[in-house]
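We name chains A, B, ... by the order of the sequence lines, and we start the count at 1 in each one.
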There are 2 protein chains.
Amino acid sequence: MDRAVHRAFRILETVTRAKEPMRLSTIASSLELQKSTVHRILQTLVAMGYVVQEPNGGRYRPTLRTWEMGSNVLHDHPVKRAAAPFLAELHRVTEETVSVMVLEGDDVIYLDKLIAPRPIRFTTRAGSRVPAPLTAGGQAMLALEPDARAVVERVARRLQAERAFDAETVLAALETVRARGYAVSRNNPDVVSVGAAILGRDGRAAGALSVSAPAERIDPARLEATVEAVRVICTRMAEFLGRL
Amino acid sequence: MDRAVHRAFRILETVTRAKEPMRLSTIASSLELQKSTVHRILQTLVAMGYVVQEPNGGRYRPTLRTWEMGSNVLHDHPVKRAAAPFLAELHRVTEETVSVMVLEGDDVIYLDKLIAPRPIRFTTRAGSRVPAPLTAGGQAMLALEPDARAVVERVARRLQAERAFDAETVLAALETVRARGYAVSRNNPDVVSVGAAILGRDGRAAGALSVSAPAERIDPARLEATVEAVRVICTRMAEFLGRL
DNA sequence: CCGCGCGTTCCGCGATACGGAACGATGTTT
DNA sequence: AAACATCGTTCCGTATCGCGGAACGCGCGG
């Protein structure tokens, strides 16, 4: 395992995660590396166009190069590609904010999103990573995972004290989700989310679709209609994927 | 300049650009590196979660990790952030496909796009890189660049024979663009694009907005209205950026 | 059954990344 | 104003770590 490569990616991750351009010393100390090492690697990243430095020995910030590379990956992603028309239809019939996501590790990653004309308050952007049990789509996928318990317990440990989250309660809820084939999440009091998994050929979830709407706009009848829309479209998408 | 780091990024670039998972040997030979070197670096990338390998010594493909990193960069990009409401308004008033882009080197990179209800034929996706002189927005930005000539000539060389492209014709057209403050492109016979630059504080272009529509839908009156919409909204966005 | 090409492993060599220390510039404190 | 702190950068001797040629095991097709 190349040490320099490992360090280079940690540095790039750090720089890209920061909201503002970072100082060399900050990077060095937060990664517990020597300034000279970080400097040399950053020069390499600058030479390759992944990072730019402000004039006169200033701070470092990432360029769009990283995004350009990443968007190639997304563009070729089978679930994201296949989901486009289904996501659009779900958007059309519900007229709410809809998302596609996939499970990665203990988290979901949002691949795409179509926002409602009247956007909801707390929205997660495409590309963001959220602990799976906190989202309707994530729960729908976890319900199909053999070792969902391990995931939920790890997440519980990670979120410990940061947020009210009881592993056993969530695991019990997952039973219901598995039985019904969809999940409803009200983590945020103002937002209701409905998610269902897109069944893959191996019986696991290839991904999930979800609909999120302001709580006040969702009466029981509307909720039922939304659940049906999500389920039907997920089923159709699963069939579509199966034919590939 | 760390050699291994440089190689690692070239390898990751190669893997992300490929439409399909790549074989180790293919990567090694296309980069003119030893198999053992590529193998070792790929193992590092796998360990870090940027690449996965198909089971049983199979091919390598990129994960969403790269995209996740990149989408952070995009999310914090000042032009992309600032453009969102202006792009939405341009979309609303024109009801066509609209894009934001920035100049990077000799190319434009599309940051975001809102597609029309009836999408146009040849569309470029967000994240893609296109030679600046080939797009209306790119031309609008080049018109403000001091050394636009150098850019156009490099692009002409790059596209040589691949496409009809005469540097002098384009440079003459840029004069008109500079004088009028907007560009109209009909590179593709079926699509008309109108672009204008978002003027930055330094007199150069911070970015550009453009509208693309099927040629048959654009009569002279509609074209004029579109030009006005793009110009007005670009001016307003420039003012907004100036106040930051 | 042999030969080919694949991904992987091994290993000795030496280039190269490493990190501590020093430097000049900048801006902050006393 | 002077002393100080901190920044990014440069230097350099050392040993580490990446390097690449060669060999291995495997699956496949001739």
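- Considering B:Leu134, B:Val102, B:Leu103 in turn, B:Leu103 is the only one that fulfils the side chain to side chain contact (heavy atoms under 4.5 Å, CB included) rule with B:Val108.
- Rounded to whole Å, the distance from CD1 on B:Ile27 to P on C:dG7 is 8 Å.
- Atom CD1 of B:Ile41 and atom C1' of C:dT8 are 16 Å apart (whole Å).
- Between the side chains of B:Lys113 and B:Thr124, a donor-acceptor pair is found at a separation under 3.5 Å.
- Other residues, nucleotides and ligands contribute more than 12 heavy atoms inside 6.0 Å of the CG atom of B:Leu31.
- At whole-Å resolution of the value, CG in B:Leu42 and P in D:dG20 are 15 Å apart.
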Tabulate protein N/O versus nucleotide N/O from nucleotides 4-9 of chain D, keeping only pairs under 3.5 Å, one per line.
{"from": "D:dC7", "atom 1": "O5'", "to": "A:Ser25", "atom 2": "OG", "distance (Å)": "3.2"}
{"from": "D:dC7", "atom 1": "O3'", "to": "A:Arg23", "atom 2": "NH1", "distance (Å)": "3.1"}
{"from": "D:dG8", "atom 1": "OP1", "to": "A:Arg23", "atom 2": "NH1", "distance (Å)": "3.3"}
{"from": "D:dG8", "atom 1": "OP1", "to": "A:Leu24", "atom 2": "N", "distance (Å)": "2.6"}
{"from": "D:dG8", "atom 1": "OP2", "to": "A:Ser25", "atom 2": "N", "distance (Å)": "2.9"}
{"from": "D:dG8", "atom 1": "OP2", "to": "A:Ser25", "atom 2": "OG", "distance (Å)": "2.2"}
{"from": "D:dG8", "atom 1": "O3'", "to": "A:Gln53", "atom 2": "NE2", "distance (Å)": "3.4"}
{"from": "D:dG8", "atom 1": "N7", "to": "A:Lys35", "atom 2": "NZ", "distance (Å)": "3.1"}
{"from": "D:dT9", "atom 1": "OP1", "to": "A:Gln53", "atom 2": "OE1", "distance (Å)": "3.2"}
{"from": "D:dT9", "atom 1": "OP1", "to": "A:Gln53", "atom 2": "NE2", "distance (Å)": "2.8"}
{"from": "D:dT9", "atom 1": "OP2", "to": "A:His39", "atom 2": "NE2", "distance (Å)": "3.0"}
{"from": "D:dT9", "atom 1": "OP2", "to": "A:Gln53", "atom 2": "NE2", "distance (Å)": "3.4"}
{"from": "D:dT9", "atom 1": "OP2", "to": "A:Tyr60", "atom 2": "OH", "distance (Å)": "2.6"}
{"from": "D:dT9", "atom 1": "O5'", "to": "A:His39", "atom 2": "NE2", "distance (Å)": "3.2"}

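- Spacing between atom CG of B:Asp2 and atom C1' of D:dC19 amounts to 15 Å, rounded to whole angstrom units.
- For B:Arg40, a side-chain nitrogen or oxygen approaches OP1 or OP2 of D:dC19 to under 4.0 Å.
- Taking the six-membered ring where the residue is Trp, B:Phe9 and A:Tyr50 present tilted rings, their angle falling between 30° and 60°.
- The distance from the CD atom of A:Gln53 to the CG atom of A:Leu24 is 8.0 Å, given to the nearest 0.5 Å.
- One can place CE of A:Met1 at 16 Å from P of C:dT8, the figure rounded to the nearest angstrom.
- For the pair B:His6 NE2 and C:dT16 P, the interatomic distance rounds to 14 Å; values are reported in whole Å.
- Cation-pi geometry between A:Arg231 and A:Tyr182 is not met at under 6.0 angstrom from the ring centre and within 45 degrees of the axis.
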